[in-house]
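Note that the structure is predicted; figures quoted are calculated from it, not measured. Quick note: numbers below take in every heavy atom, side chains included, and nothing from hydrogens, waters or symmetry partners.
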Amino acid sequence: MMDGFDTITTTIVAQKILAGAEENYEDWLRRIIKVGSGFPGHLGVDIVRPSPGTSGLHVLPVRFDSQANMQRWENSSERQSFLRELADLTTGETLQAKSTGLESWFSVPGAPMPPNRHRMTLLITVVVFLLVLLIQGVAGPLLDRLSLIPRAALLSILQVGLLSYAIMPWLSRWLSRWLHS
């Protein structure tokens, strides 16, 4: 099914903490993460605290393995209870942005809105092209010994692994301004 319902879903939440409520917010954060991590499909939360000279927003990318599991968490009574507590700890509007699939590669701390789709597509195309060229150049003779299906499986695993865990997180941070402008 390719409707995004069973793909990794990231919700990026950005909040400004009331002056003097930082310690209580950190306690709230520990408790909600502990409860949320017990929900099916929870893949983790990154905590990005504001740095000097920024807008003062705490940014929390929250990841689940599917939209269905994300919705289960978002609609849970446990989360609703935590959100009621949050009202006393934050100021202004809580910003939220959701992404599924490839946009998750571009989740950049401090940038709560998804990147420009055209630039994201261009970057993925260039990176995949260069990665295929590099892998074929380095391992081509070894890969030629494999039949089509094992070769395609190995290339896919290698490329997706490198893109997801090494290349795209680094490039997303390095090109953040360009991607989000």
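Here CZ of R84 is found 11.5 Å from CZ of R79. Values are rounded to the nearest 0.5 Å. We find the CD1-CG distance between I124 and L171 to be 10.5 Å, quoted to the nearest 0.5 Å. The line from OG of S37 to CG of L43 is 11.5 Å long, rounded to the nearest 0.5 Å. Note that the CG atom of L89 and the CD atom of E26 stand 10.5 Å from one another [nearest 0.5 Å]. Distance CG/L142 to CG/L154: 10.0 Å, rounded to 0.5 Å.
Annotation: side chain of I47 is in contact with side chain of I33 (closest heavy-atom distance under 4.5 Å). Between T90 and K16 there is no side-chain heavy-atom pair separated by less than 4.5 Å. Side-chain atoms of V62 and T10, non-hydrogen and from C-beta on, never get closer than 4.5 Å to each other. Using a 4.5 Å cut-off on side-chain heavy atoms (C-beta onward), D46 and L60 make no contact. The side-chain heavy atoms of F39 and N69, taken from C-beta on, include no pair separated by under 4.5 Å. The shortest side-chain heavy-atom distance between L123 and R119 does not fall under the 4.5 Å cut-off. Taking 4.5 Å as the limit, some side-chain heavy atom of L131 sits within range of a side-chain heavy atom of L163. Between L57 and Q15 the shortest side-chain heavy-atom distance does not fall below 4.5 Å.
A donor-acceptor pair under 3.5 Å is absent between the side-chain atoms of S81 and the main chain of S77, judged by distance alone. Under the 3.5 Å distance criterion, the side-chain polar atoms of N75 are matched with a main-chain donor or acceptor of Q71. Using modelled atom types, no side-chain atom of E78 and backbone atom of I32 make a donor-acceptor pair closer than 3.5 Å. Looking at R49, its side chain never comes within 3.5 Å of a backbone N or O of H58 through a donor-acceptor pair.
Residues P61 and R63 share a closest heavy-atom pair of CB-NH1, 3.8 Å. Of all heavy-atom pairs between T9 and M70, the closest is O-CE, 3.4 Å.
More than 12 heavy atoms of other shown residues, nucleotides or ligands fall within 6.0 angstrom of atom CD in Q80. Enclosure of atom CD1 in I149 is not indicated, since only 12 or fewer non-hydrogen atoms of other residues, nucleotides or ligands lie within 6.0 angstrom.
No chain of hydrophobic side-chain contacts below 4.5 Å, direct or via other Ile, Leu, Val, Met, Phe, Trp or Tyr residues, connects L18 to Y25. The hydrophobic cluster containing W170 also contains L175, counting ILVMFWY residues as joined when their side-chain heavy atoms lie under 4.5 angstrom apart, directly or transitively. Cluster annotation: F129 and L122 are assigned to the same hydrophobic cluster (Ile/Leu/Val/Met/Phe/Trp/Tyr, side-chain heavy-atom contacts under 4.5 Å, transitive). Follow the hydrophobic side-chain contacts under 4.5 Å out from L143 and you never reach I157; the two are in separate clusters. Both V128 and V126 sit in one connected hydrophobic cluster of ILVMFWY residues. Membership requires side-chain heavy atoms under 4.5 Å apart, directly or through other members.
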Checklist line | Pair R31-E85, salt bridge (charged side-chain N to carboxylate O under 4.0 Å, His left out): steps then yes or no | finding: CA-CA 11 Å; R31 291 183 296 118; E85 287 181 45; 2.5 Å; yes
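Ring pair F64/W73 is parallel by interplanar angle, where below 30° counts as parallel and above 60° as perpendicular.
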